[in-house]
Student: 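Following this message is one structure expressed as structure tokens.
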Amino acid sequence: MPAFMLKKIVLGNFASGPVDPKMADAIDFMVDRLESLCQSELASRLTLNCQNSYVEPHKIKDVAVTIMDVFDQSALSSEAKEEMYKLYPNARRAHLKTGGNFPYLCRSAEVNLYIQIHLRQFHGTRYAAIDPSMVTSEEREVQISSSHNARDSDEVN
């Protein structure tokens, strides 16, 4: 498809009614970024976005998953959201009242908070985003005790 048709497909999923100023700024930013993509880049991104595939839940059962969702209108249907919740029943849920299709742009403080909460469980481990030498011994002890407490409560359940 020509680039203008692909752009029309993407723009058709953006909110068209009145939105708050931060959401409007996020949409404007994404429209500007969309204009900077050539046809092949846009086609490849749409192909990745529209492919019917997923990670098989049994293959990541031991991986910490957090699903971030918005309660207002977004391109993801409620049926798709419910299906994702069913596929990942042990996932933590991070809900935002608003955010549309781009909560990471217009609700960045809330999104960052949820990411920090998700990543906190890795603090002081080899998966941490921070250099282990920067983790204090007190923080390491807290991490060890919290992981033992979590494991103990899992064994009780």
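All residue numbers in this chain count up from 1 along the given sequence.
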Student: Check Leu37, Asn101, Leu34 against Val10 for a side-chain contact (heavy atoms from CB on, under 4.5 Å) and give me the one that passes.
Tutor: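 Result for side-chain contact (heavy atoms from CB on, under 4.5 Å) with Val10: Leu34.
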Student: Taking all non-hydrogen atoms of both residues, which atom of Ala128 and which atom of Phe122 are closest, and how far apart?
Tutor: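 Shortest heavy-atom contact: CB-O, 3.3 Å.
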Student: With heavy-atom distances below 4.5 Å as the criterion, would you say the side chains of Met23 and Asp72 are in contact?
Tutor: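 Touching, per the 4.5 Å side-chain cut-off.
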Student: Restricting to non-hydrogen atoms, name the atom on Arg33 and the atom on Ser36 that form the minimum distance, rounded to 0.1 Å.
Tutor: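 Between these two residues, the closest heavy atoms are O-OG, 2.6 Å.
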Student: Could you tell me which non-hydrogen atom of Thr125 sits nearest to which non-hydrogen atom of Gln121, and how far apart they are?
Tutor: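 So the two residues come closest at CG2-O, 4.3 Å.
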Student: Are any of the side-chain heavy atoms of Met1 and Ile9 separated by less than 4.5 Å?
Tutor: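 Counting from C-beta outward, Met1 and Ile9 do come under 4.5 Å.
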Student: For the CD atom of Glu41 and the CG atom of Leu6, what is their distance to the nearest 0.5 Å?
Tutor: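 So the CD of Glu41 and the CG of Leu6 are separated by 12.0 Å.
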Student: Are Phe71 and Leu105 in one and the same hydrophobic cluster, where Ile, Leu, Val, Met, Phe, Trp and Tyr link if side-chain heavy atoms are under 4.5 Å apart?
Tutor: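 Each belongs to a different hydrophobic cluster.
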Student: To the closest 0.5 Å, what do you measure between CD (Glu83) and OG (Ser78)?
Tutor: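 Spacing of CD (Glu83) from OG (Ser78) equals 12.0 Å.
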Student: Side-chain contact, heavy-atom cut-off 4.5 Å: His123 with Leu119?
Tutor: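 The answer is no, as the side chains (C-beta and beyond) never meet within the 4.5 Å cut-off.
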Student: Mind checking whether Leu48 and Leu42 sit in one hydrophobic cluster, side chains of I, L, V, M, F, W, Y counted as touching below 4.5 Å?
Tutor: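 Not linked; separate clusters.
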Student: About how many Å separate CG of Asp28 and CZ of Phe102, when rounded to the nearest 0.5 Å?
Tutor: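 Answer rounded to 0.5 Å: 10.5 Å.
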Student: Looking at Lys81 and Val70, would you say the former's side chain and the latter's main chain have a donor-acceptor pair under 3.5 Å?
Tutor: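 Present.
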Student: Kindly give the heavy-atom pair with the smallest separation between Pro103 and Gly100, and that separation in Å.
Tutor: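 Smallest interatomic distance, heavy atoms only, reads CD-O, 3.6 Å.
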Student: What distance do Ser108 atom OG and Lys22 atom NZ have between them, rounded to the nearest 0.5 Å?
Tutor: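 So the gap between those two atoms works out to 6.5 Å.
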Student: How would you list, by chain and number, every residue that makes a side chain to side chain donor-acceptor pair (under 3.5 Å) with Ser74, sequence neighbours excluded?
Tutor: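 Side chain to side chain donor-acceptor pair (under 3.5 Å) check on Ser74 returns nothing, list empty.
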Student: Extract all donor-acceptor atom pairs below 3.5 Å that involve side chains of residues 84-97 and protein atoms in other chains or at least two apart in sequence.
Tutor:
unit_1	atom_1	unit_2	atom_2	d
Tyr85	OH	Asp69	OD2	2.5
Tyr88	OH	Val55	O	2.7

Student: Looking at Lys7, I'd like to know if its NZ atom is crowded, meaning that more than 12 non-hydrogen atoms belonging to other residues, nucleotides or ligands lie closer than 6.0 Å.
Tutor: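 Check passes, neighbour count above 12.
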Student: Quick one: pull up NZ in Lys61 and NE2 in His58 and give me the separation to the nearest 0.5 Å.
Tutor: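 Result: 9.0 Å between the selected atoms.
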